[in-house]
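Chain letters run A, B, ... following the sequence lines, proteins first and then strands; every chain starts at 1.
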Amino acid sequence: MPEAAPAPGAAAPPPAGATPVLEVREVTKEFGAFTALDGVSLSLQPGQALGLVGPNGSGKTTLINVMSGVHAATRGRVLLRGEEITGLAPHRVCRRGMNRTFQIPRPLGPLTAEENVAVARRHGRPSRHLDVDPLGFVGLEKFASRPASGLTTGQQKRLDLARAIATGPEVLLVDELGAGLSPAELEHVGELLRGLSAMGVALVVVEHLLGFLEAVVASVVVLDAGRPLFVGSLRDAVADPRVIEVFLGK
Amino acid sequence: MPSPAVAGTGAATTAGAATPAPGTRPGARRWAAWAAYVVVIPVLLYLTPHVYNNQLLLLNLVVYLVLAQGVNVIYGFTGYLPFGYVGFFGAGAYGTSMAVIHLHTGGTVAVLIGAVVSTAMAVVLLPLLRLTGAYFALASLAASQAVYLVIANPSLTSFTKGPYGVDLSRVFNPNLAYLYAAILLAVATAVVVYLRNSAFGLSLRAVRADPLTASVAGINVARARGIAWLASAVLAGLAGGISAWVTSVFYPETVFAINISVFAIVFALFGGVGSVLGPVFGGIILYSLYEYIGVSSPQYFQFAYGLLIVILMLFLPGGLASVARAARSLWERTGGRVHRRA
Amino acid sequence: MLFGYALIAGVLFGLFYAFMSTGLNLLFGVLRLVNLAHGDIVVFGAYVAYSLSSMAGLNPLLAIPITIVPALAFGVLLYYGTVPRLNRSQDTEMASLILFFGVSQVLEAVATFAYGNNQASLSPTTFGGPINILGEHVPATWVVCGLLSIPALVVLFVYLYRSRLGMATRAVMASREEAAAAGINTRRVAALAFGIGVAFAAASGALTIFMLGGVNPSTGSELVLTAFTVVVIGSLGNPIGTVVGGLLYGLVFTFTKTYSPSWADIVPYLLMLVVLLVRPTGILGRRVRSA
């Protein structure tokens, strides 16, 4: 567990009363009889890094899907920079400045790594591109001409991140980027996320790996069975008895 | 490391020097190559009647090449297989015919009106693009059959001349039609060149690879597919119009025959879907074969192309183009030393 | 009375269509394989029935038991010969569609070599004169074929819901990976399901020649589209759905033929389009396949 890294997002606290860059208001998502999300709300300040945790099946990926437009919320609203984006298709959400990675990477297989990025760059927000070369940022420059299907899972996850960055997002939703990575890779992507935070990109980080999370975010939202269980600092969360119960059982 | 070459039915891959790196401007050499792809074969075909004077057969060939390129546009770049592609062809044919018969236009305007009709049909059928794979293929077949049955229905005879046939001999002009056909082939090939080398074409390939990822990357998936669909419909409509113009007398069954879709698809598959000239070469080879043995004994031809499809799908999904690519990369790797060894 | 006739005929046709389509449902629903040769296999069965009757003077319905084993074997071999390679492609569903389309063309050509292009039909009085059902006179052949479809569908149910192989098949249908993890030899189960689907198709052929008034080599293409419509209406993968879909299709078919014959041909295609665009999950609603 890296100790020296300062809690990101807390370095420059936003002025009181600032409009949250991302707001989720009472979002409910039902799949037929199954309620995946039940009245979830969260608020993200510009440049903040927020963790999203919970046991398997608690609705974390569903929330990411609703925020990014992959699923339409049954009830509730999602606002980006105060503007309504509820129910917008993913490509429109992308163009408004929010993007996401996938828990299980879904690269554009037959396309090369640089084509994967080029496609995203073309359709992102033209007015605000992060001043980095996405492939270089994630360390895949050497694989630029390699078809994405020929990359390892860890490389595909980094390519997914590069693709998301290429759209110039103001908010990035990261879905279990750490899963399946070696300790060295974990360290690397942790650095990448902290780098993004430093550039002012707001992050929502879904993660199971506590150590990884500690290096990237200061506050978390804990979900349990689609409901928000706890909102607050990560340190308080791990000490909270309800949270412990939900993760470790009674 | 998994081999990326097992790409199924020949999706447009970035093989060798085929596509420039994204974001760079193509040089003069590339433009020259593209111009060659687009122009050379149509010009050669246009001049062929001087040495082989069955212009009607050549026109049919060119029409099939256009249709194969149309299939290439929609299947090669979106992965949607239009089993009912002949519907656009027939719509174009009938649009042209109605223009000649009821609006008394000349041939050229009539053909353009035919394209408008086929495009309108494509717009009406846009919702089909919500379906995937097999559902889309069969739904497009159902749609084209439905259109055929409406046109052939005796109750509409006064308008469409129904099952009794259409007669366009008033505007008969085979030489002009052949010129248009050659130009249309050049246009169709140009569309494919554009798709292979443009950002829009890259978007289409992205959509084909994974629609969800493409959507999250900012691509309007429905719009991208829709544009490719309309483009393929325009090509088929113009081909149908030109064909109707030249054939002069035909019945609904002639221009809505499912075999027309089948041939276009087989030609495109055999030549290599997703490549620029694959469908053209595939079409020339197979159509010549058809004229040679297929017309007199169609069931032998059916057996042969059925078997060809099976073999292609099992062993050579990329068609002739994949053979050409493999040969070229072998040549590049041996650096041309194959000859010097002797 | 036209209505009564259309109703009774509709039920008989519906049962027949359900039987005819059930093989496709197995392949498409369980294995995601689009067997466009399905219709031609049905036609093959019809030709066997035709040959038995017109050349050997035997009861054409004997074709049903006769074709089962060869069709099963053919299906299993076809599976092993093609599907492993298909599974390696980028889009297995489309690759299977095209490949089996090729197979269908080969089968149609072979049928043309063997029987020529003409319609092959058997006498509508093969089983006697018209039968009086509830006051309507219905051809005996339709009654026999419609009723014979019932035990065939029962066999399907027994296979899928009462046998170990059927349970394994349903497991593979639900999730191939999980079925494999549970120790099921998914490839063998799939191959057998394929063979069974082909066997059902061939067996329904004998009935087809009576219900359709005859077959020719190109009948297969119309049949596969019909089978597809039935399967889609009834919800993919659901055998009860195939029965419901078949009945619905049969009734629509007979009612339009009775009341508006000149537009009757277009109805199956419109029906398919409407179902796919309005409710692609079918009547029993599961398994959406949309982009």
A side-chain contact here means heavy atoms from C-beta on lying under 4.5 Å apart; do [X] and [Y] qualify?
X: B/Phe83; Y: C/Leu36; result: yes
X: C/Trp263; Y: B/Val150; result: yes
X: B/Phe303; Y: C/Thr112; result: no

In residues 312-322 of chain B, what donor-acceptor pairs under 3.5 Å come from side-chain atoms, sequence neighbours left out?
from     : atom 1 : to       : atom 2 : distance (Å)
B/Ser322 : OG     : B/Gly319 : O      : 2.7

Toward chain B, the part of [X] with a non-hydrogen atom under 4.5 Å:
X: C/Leu225; result: side chain
X: C/Val34; result: side chain
X: C/Val232; result: side chain

Do you know which two heavy atoms are closest between [X] and [Y], and how far apart they sit?
X: B/Ala134; Y: C/Phe28; result: CB-CZ, 4.0 Å
X: C/Leu97; Y: B/Ala137; result: CD1-CB, 3.8 Å
X: C/Ile98; Y: B/Leu269; result: CG2-CD1, 3.5 Å
X: C/Leu277; Y: B/Pro127; result: CD2-O, 3.6 Å
X: C/Leu276; Y: B/Leu131; result: O-CD2, 3.5 Å
X: C/Glu93; Y: B/Thr132; result: OE2-O, 4.4 Å

Are there more than 12 heavy atoms of other residues, nucleotides or ligands under 6.0 Å from atom [atom1] of [X]?
X: B/Tyr300; atom1: OH; answer: no
X: B/Phe263; atom1: CZ; answer: yes
X: C/Arg187; atom1: CZ; answer: no

Straight-line distance of [X] [atom1] to [Y] [atom2], nearest 0.5 Å:
X: B/Gln145; Y: C/Leu270; atom1: CD; atom2: CG; answer: 11.5 Å
X: C/Met94; Y: B/Leu81; atom1: CE; atom2: CG; answer: 4.0 Å
X: C/Met272; Y: B/Leu141; atom1: CE; atom2: CG; answer: 8.0 Å
X: B/Leu128; Y: C/Leu273; atom1: CG; atom2: CG; answer: 6.5 Å

| Is it the backbone or the side chain of B/Leu212 that comes under 4.5 Å from a heavy atom of chain C, or both, or neither? | neither
| request: Using non-hydrogen atoms and a 4.5 Å limit, figure out which bit of B/Tyr305 sits close to chain C: side chain, backbone, both or neither. | output: side chain
